[in-house]
Protein chains: 2
Amino acid sequence: MPRTIFEKPDAIALVAEVFRELGYEGASMSNITARTKLSKGSLYHFFPGGKEQMAAEIIAHIDAWFVVDMFKPLEEGEPRAAIRTMWETADRYFRSGRRICLIGAFALDETRDRFAMAIRSYFQRWIEALAGALTRAGLTGIEAQALAEEAVVGLQGALMLARALGDEAVFGRILERLKQRLETALG
Amino acid sequence: MPRTIFEKPDAIALVAEVFRELGYEGASMSNITARTKLSKGSLYHFFPGGKEQMAAEIIAHIDAWFVVDMFKPLEEGEPRAAIRTMWETADRYFRSGRRICLIGAFALDETRDRFAMAIRSYFQRWIEALAGALTRAGLTGIEAQALAEEAVVGLQGALMLARALGDEAVFGRILERLKQRLETALG
DNA sequence: GATCTTCTAAACTGATTGGTCCATAAGATA
DNA sequence: TATCTTATGGACCAATCAGTTTAGAAGATC
């Protein structure tokens, strides 16, 4: 029997996609082994804490990715350029609406309670990073906060609607309008 | 042993709340019996098809509610008043963000595939009903369609963000801004 | 109050769940 | 090549899963 050797970063990425497709409860160990080709031995070797640890590490992994690729640029870069880049980054990350936001999905059911802190801080930092960039670009704090909330909310809603309608085009269309609205507000 | 007698409409409403809290996969039969106080005997009496039938009837029940209380008024009523009422209806139905949209939640994972048609037509009709009202109120078809998509998307995103942040206030705030935007667009 | 239908409770089934264990295969180090 | 660490496959476990069955209780009809 041929053996495939995985390393932990691979395992995290593979299991993450299964959680994304099936949700936390829907992703059973047998589902995970079947879709990732990782055996139970491997999975419990990497994640002795089982499903809960898998999900926790996946959330941390996603969060770290967003910090580096979206939040830091918004917090530290030239605000208008960073905001423009944010839309491209989001479109790439969410594969133009074919991929959902796992952290958002976890927020909807009782899975949220297991990871409440991580989920809250992910959205909080996203909104704060974007609001900060909008403020540095000249908006008042109140306007910036409201626009940032709307942008994040609109993006999450767009992911949901794209899947609900089975229509990828709607995602790009809504993203484009959200982008336009921020640029209009900045004048 | 005291017996409680339920009727099917009660059963549908009770089970719906469990699906809302736990998601389709997270809602096991023992969970459902525990939270609803409906025994397995009762559940399989009302829903011989098991979980799948429960979810299907719940979706149909929710859809029918929205048709009567939101879509028809938008389609048939005075457009500006109907749109204003829509926001109140939504706030009441979703309990100011404490209750999620089950059909939206189903759209996010593979549960969608089981109920794809019903999920798509629910969102389609909502957007079309709102776009129709906006058109009758004077907007062009293109503007109306885009604004309707944004409103529905924003509402769904607001439900998600409210739960993610554990902050009910954010839901009302975003709803208010969405409402303002539609009214501004109508002049 | 007898009968008939509707609904409930709980015991039961086989399949699947999350999780444990361990012999051993593959890479790395020496 | 010998050794040591890391990763793997799969058998195994108790608990839980969805679903079935059945005896009988509650309401309705007469």
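Proteins get letters first, then strands, A, B, ... in listed order; numbering begins at 1 in each.
With sequence neighbours excluded, the residues forming a side chain to side chain donor-acceptor pair (under 3.5 Å) with B:Lys8 are B:Glu57, listed by chain and number. Residues that satisfy the side-chain contact (heavy atoms from CB on, under 4.5 Å) test with B:Leu14, not counting sequence neighbours, are B:Phe6, B:Thr36, B:Leu38. By the salt bridge (Lys or Arg N to Asp or Glu O under 4.0 Å) test, B:Glu75 is found to be paired with B:Arg125, residues two or more places apart in sequence or in another chain being considered. Among residues two or more places apart in sequence or in another chain, the side-chain contact (heavy atoms from CB on, under 4.5 Å) test is passed with B:Ser121 by none. With sequence neighbours excluded, the residues satisfying side chain to side chain donor-acceptor pair (under 3.5 Å) with A:Glu21 are A:Arg35. Applying the side-chain contact (heavy atoms from CB on, under 4.5 Å) criterion to B:Thr111, with sequence neighbours excluded, gives B:Tyr24, B:Phe106, B:Asp109, B:Phe115. B:Glu168 is linked by a side-chain contact (heavy atoms from CB on, under 4.5 Å) to B:Arg98, counting only residues two or more places apart in sequence or in another chain. For A:Trp65, the ring-ring contact (aromatic ring centres under 6.0 Å, His included) partners at least two apart in sequence or on another chain are A:Tyr93.
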Distance-only check: which donor-acceptor pairs under 3.5 Å involve side-chain atoms of residues 140-147 of chain A, not counting sequence neighbours?
from, atom 1, to, atom 2, distance (Å)
A:Thr140, OG1, A:Glu143, N, 3.1
A:Thr140, OG1, A:Glu143, OE1, 3.4
A:Glu143, OE1, A:Thr140, N, 3.4
A:Gln145, NE2, A:Glu149, OE2, 3.2

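For the pair A:Phe94/A:Ile100, no side-chain contact is recorded, criterion being any heavy-atom separation below 4.5 Å from C-beta on.
Spacing between atom NZ of B:Lys37 and atom P of C:dA10 amounts to 12 Å, rounded to whole angstrom units. Regarding B:Glu7, its CD atom lies at a distance of 8 Å from the P atom of D:dA28, rounded to whole Å. Atom CG in A:Leu22 sits roughly 15 Å away from atom C1' in C:dT17 (whole-Å rounding). The CG atom of B:Leu43 sits 13 Å away from the P atom of C:dC7 (whole-angstrom rounding). The nearest whole Å value for the distance from the NZ atom in A:Lys8 to the P atom in D:dT8 is 13 Å. Atom pair B:Leu38:CG and C:dT8:P shows a separation of 7 Å (rounding to whole Å applied). Rounded to a whole Å, the CG atom of B:Asp10 is 15 Å from the C1' atom of C:dT6.
Scanning residues 11-19 of chain B for heavy-atom distances under 4.0 Å to DNA chain C yields an empty list.
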What protein N or O atoms touch nucleotides 18-21 of chain C N or O atoms at under 3.5 angstrom, if any, and at what distances?
from, atom 1, to, atom 2, distance (Å)
C:dG18, OP1, A:Lys51, NZ, 3.2
C:dG18, OP2, A:Met29, N, 2.4
C:dG18, N7, A:Lys40, NZ, 3.4
C:dG19, OP2, A:Tyr44, OH, 3.0
C:dG19, OP2, A:Lys51, N, 3.3
C:dG19, O5', A:Tyr44, OH, 3.3
C:dG19, N7, A:Lys40, NZ, 3.0
C:dG19, O6, A:Lys40, NZ, 2.4

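Between B:His45 and C:dC7 there is a side-chain N or O to OP1 or OP2 distance below 4.0 Å. Regarding contacts with the backbone of C:dA9, a side-chain N or O of B:Ser39 is found under 4.0 angstrom from either OP1 or OP2.
Each end of the helix from C:dG1-D:dC30 to C:dA30-D:dT1 gets its own axis, taken as the rotation carrying the C1' atoms of four end pairs onto the next four within a five-pair window, and the two axes meet at 20° to the nearest 10 degrees.
A salt bridge is absent between B:Arg80 and B:Glu183: the closest approach of a Lys/Arg side-chain nitrogen to an acidic carboxylate oxygen does not fall below 4.0 angstrom.
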